[in-house]
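For reference, the structure discussed in these notes is given below.
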Amino acid sequence: MESLRLEIITADRVVVSDEADMVEAKGTLGEFGILPGHIQFLSTVEIGEVRYTKGGATRHLATTGGFAEVFEDKVTLLVDAAEFAEEIDVDRAKRALDRAETALKELSEEDDEYRKHELALQRAVTRISAASKRI
Ligand code: ATP
């Protein structure tokens, strides 16, 4: 059966370099799924969960925002950070969530710092959710 080549790359490391039967991620315009034979595609990706299946098993990751490219059955995600569900330190993510929630309570949406804490909150929530799907 045809498969995809999946690469998830950050500035620090190659997080995934694997074969996949299907890849799902969160684009700016919503969730998208990639199967072998997909047309060439370029999208921004949002902070969210990425899933891929390989031989019937599903792996879950949390990623920050970045870019996704599909070209000739190769799916490349270039993101600031990505972790497999099994790698996520849940206590650390909970602390990040607490910090972000505390900061957001003190700020209004007009404050310059608001967006920064909102993104930190999204990263933490995504990590906690992805970690619950560890295998
Ligand atoms: P923190 O405040 O806990 O550092 P953050 O959202 O600011 O969280 P990032 O800037 O997104 O962290 O990531 C910095 C680095 O730390 C990346 O390499 C990322 O993969 C890693 N990382 C962040 N949070 C966790 C976590 N809860 N478990 C494992 N790795 C994490």
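Numbering of ligands and ligand atoms starts at 1, following listing order.
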Distance flag, aromatic centroids of Phe41 and Phe71, threshold under 6.0 Å
no
Within the protein, flag every N or O under 3.5 Å from an N or O of ligand 1, and note the pair and distance.
| unit_1 | atom_1 | unit_2 | atom_2 | d |
| --- | --- | --- | --- | --- |
| ligand 1 | 2 (O) | Arg99 | NH2 | 2.7 |
| ligand 1 | 3 (O) | Arg92 | NE | 2.8 |
| ligand 1 | 4 (O) | Arg92 | NH2 | 2.8 |
| ligand 1 | 6 (O) | Arg123 | NE | 2.6 |
| ligand 1 | 6 (O) | Arg123 | NH2 | 3.4 |
| ligand 1 | 6 (O) | Arg127 | NH1 | 2.8 |
| ligand 1 | 7 (O) | Arg123 | NH2 | 3.3 |
| ligand 1 | 11 (O) | Arg123 | NE | 3.3 |
| ligand 1 | 11 (O) | Arg127 | NH2 | 2.9 |
| ligand 1 | 16 (O) | Arg92 | NH2 | 2.9 |
| ligand 1 | 20 (O) | Glu83 | OE2 | 2.5 |
| ligand 1 | 22 (N) | Arg92 | NH2 | 3.4 |
| ligand 1 | 24 (N) | Arg92 | NE | 3.3 |
| ligand 1 | 24 (N) | Arg127 | NH1 | 3.4 |
| ligand 1 | 27 (N) | Asp89 | O | 2.9 |
| ligand 1 | 28 (N) | Asp89 | N | 2.9 |

So, for Tyr114 and His117, is the gap between ring centers shorter than 6.0 Å?
no
Which heavy atom of Ala81 sits nearest a heavy atom of Arg127, and at what distance?
CB-NH2, 4.0 Å
Do Glu19 and Arg59 sit within salt-bridge range, that is, some charged N less than 4.0 Å from a carboxylate O?
no
Heavy-atom check, side chain of Asp73 versus side chain of Glu2, under 4.5 Å
yes
Taken in chain and number order and not counting sequence neighbours, the residues that satisfy side-chain contact (heavy atoms from CB on, under 4.5 Å) with Asp18 are Val16, Tyr52, Lys54
